[in-house]
Number of protein chains: 2
Amino acid sequence: MARTAGSHSDITGPKVADAALRLFARHGYAAVSMRQIAAEVGVQAGALYNYTPDKQSLLFDLMRGHMDELIAASDAQGSTGAPRDRLEAFVRFHILFHLARPDAVFISYMELRNLTPENFTVIEGLRRSYEDRLETILKAGTDAGVFAVADTKITTLAIIAMLTGVTTWYRASGRLSSEGVAELYWDMVRRAVNA
Amino acid sequence: MARTAGSHSDITGPKVADAALRLFARHGYAAVSMRQIAAEVGVQAGALYNYTPDKQSLLFDLMRGHMDELIAASDAQGSTGAPRDRLEAFVRFHILFHLARPDAVFISYMELRNLTPENFTVIEGLRRSYEDRLETILKAGTDAGVFAVADTKITTLAIIAMLTGVTTWYRASGRLSSEGVAELYWDMVRRAVNA
DNA sequence: GTCTATAAGTAGATAGAC
DNA sequence: GTCTATCTACTTATAGAC
């Protein structure tokens, strides 16, 4: 199916999302103008509106896409074994997934304030759904007596905050591999929850 | 010493900083205008420039003030006993200090991108100085054989990320007191590092 | 699908009256 | 010290030519 001359929607579309992701992560949503995004893509500002109805949708689509991908990948790798094995799989998955997408992670944690109330509700729901997967593991292990966790909800939030924190300091060029980092964090989590 | 009629610098100055702190925390530095801050204070936009040379200084002064206060308070409470006692004191201090200043904490972690390079360097130095206090404790405990920590630098960052995370979900109206939260987190940290 | 041009509004910061 | 008024530049988003 030949396309109209000058039509580049299948190329420009992803480039717009990529440019927005990179610029939002670097400078923050509010500090980035549509003109900056357009310049990064290599088009004029008006052309962006062929790919997004407005700037807000650009942010929301990036965040929803990231959360959908996170949940789908988490469920795809989900071990069904003992709580301790499921926890280990969760910790390693969370770190590797987040280290591979530093920009999307940064945006998803930093730009919640810049979502409209309706969009915020959607993203919050997805985030909570992801957290529930970890809490379910902690509850199962506590019920089985292999974990000693005083408060599964707070332990869930504490572990996720600790794990996600890797994205603030990790550099691929540093002395540790992603797997090495995951190993260190799994050791800490394991000891913190073991009965 | 009578002041000139209409002079309110000793009242307006702190109100400007308070308004900027609250608005920056709520909406983000880039999304807040000088006119919004002025409206919150109850003056016109031009009057703000009696208290700050520009918007950037407003942000930097808030962040530097927060970091200075954090370091001073940390040193003031610093236990000099055994590593385990010093770690417990650090954990409890960090949580109570941060839960008492949610807006300043939020700004200091979220608005680093909006600092000029020179200002960023200053804040980063203060942050690292604070982190060093925790790493020193972990090293002392590891050398003494009471902690088993594979990598003191990464463990330092992991613990701080976990502890600071409380500010994202804690509500004073919730079921837990600040002290109760500190207790739960200290339990996790203790088990994660104990030999 | 992309361009140029533009509408309509807001930004940070300053000048000068009071 | 605060006000009003203003400068210059930039903002998101749209209209219409090609």
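We name chains A, B, ... by the order of the sequence lines, and we start the count at 1 in each one.
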TODO: Could you work out which one of C:dT14, D:dT14, C:dG1 sits closest to the side chain of B:Y49?
DONE: C:dT14

TODO: Can you figure out which of D:dC3, C:dT2, C:dG12 approaches the side chain of B:R35 most closely?
DONE: C:dG12

Open item on the list: Closest approach to the side chain of B:Y51, judged atom by atom: which nucleotide of D:dG1, C:dT2, C:dA11 is it?
Closed with: D:dG1

Open item on the list: If I take atom CE in residue A:M34 and atom C1' in nucleotide C:dA7, what distance separates them, rounded to the nearest angstrom?
Closed with: 17 Å

Open item on the list: Please determine whether residues B:M110 and A:W169 belong to a single hydrophobic cluster, defined as Ile, Leu, Val, Met, Phe, Trp and Tyr linked transitively by side-chain heavy-atom distances below 4.5 Å.
Closed with: no

Open item on the list: Can you tell me if B:T12 touches the phosphate of D:dG1, counting only side-chain N or O atoms and a distance under 4.0 Å to OP1 or OP2?
Closed with: no

- [ ] Please report, rounded to the nearest Å, how far the C1' atom of C:dA11 is from the OH atom of B:Y29.
- [x] 12 Å

TODO: With the side chain of A:S33 defined as its heavy atoms from C-beta on, choose the nearest nucleotide among C:dA11, D:dG1, D:dT11.
DONE: D:dT11

Task: Phosphate OP1/OP2 of D:dT4: any B:Q44 side-chain N/O under 4.0 Å - done: yes

- [ ] Round to the nearest Å and state the distance from B:L48 atom CG to C:dG12 atom C1'.
- [x] 11 Å

Task: Residue B:K55, side-chain atoms from C-beta onward, closest of C:dT2, D:dA13, C:dA13 - done: C:dA13

Open item on the list: Could you check whether any side-chain N or O of B:T168 sits under 3.5 Å from a backbone N or O of B:G165, counting only pairs where one atom can act as donor and the other as acceptor?
Closed with: yes

- [ ] Please report the shortest heavy-atom distance between A:A195 and A:G145, naming the atom on each side.
- [x] CB-O, 3.4 Å

TODO: Grab the CG-P distance between A:N50 and D:dT14 for me, whole Å please.
DONE: 12 Å

TODO: Classify the nucleic acid contact of A:V32 as base, sugar-phosphate or nothing, counting any heavy atom under 4.0 Å across all strands shown.
DONE: sugar-phosphate

Task: Trace of the ring-ring contact (aromatic ring centres under 6.0 Å, His included) decision for B:F90 with B:F97 - done: CA-CA 10 Å; B:F90 183 94; B:F97 187 91; over 10 Å; no

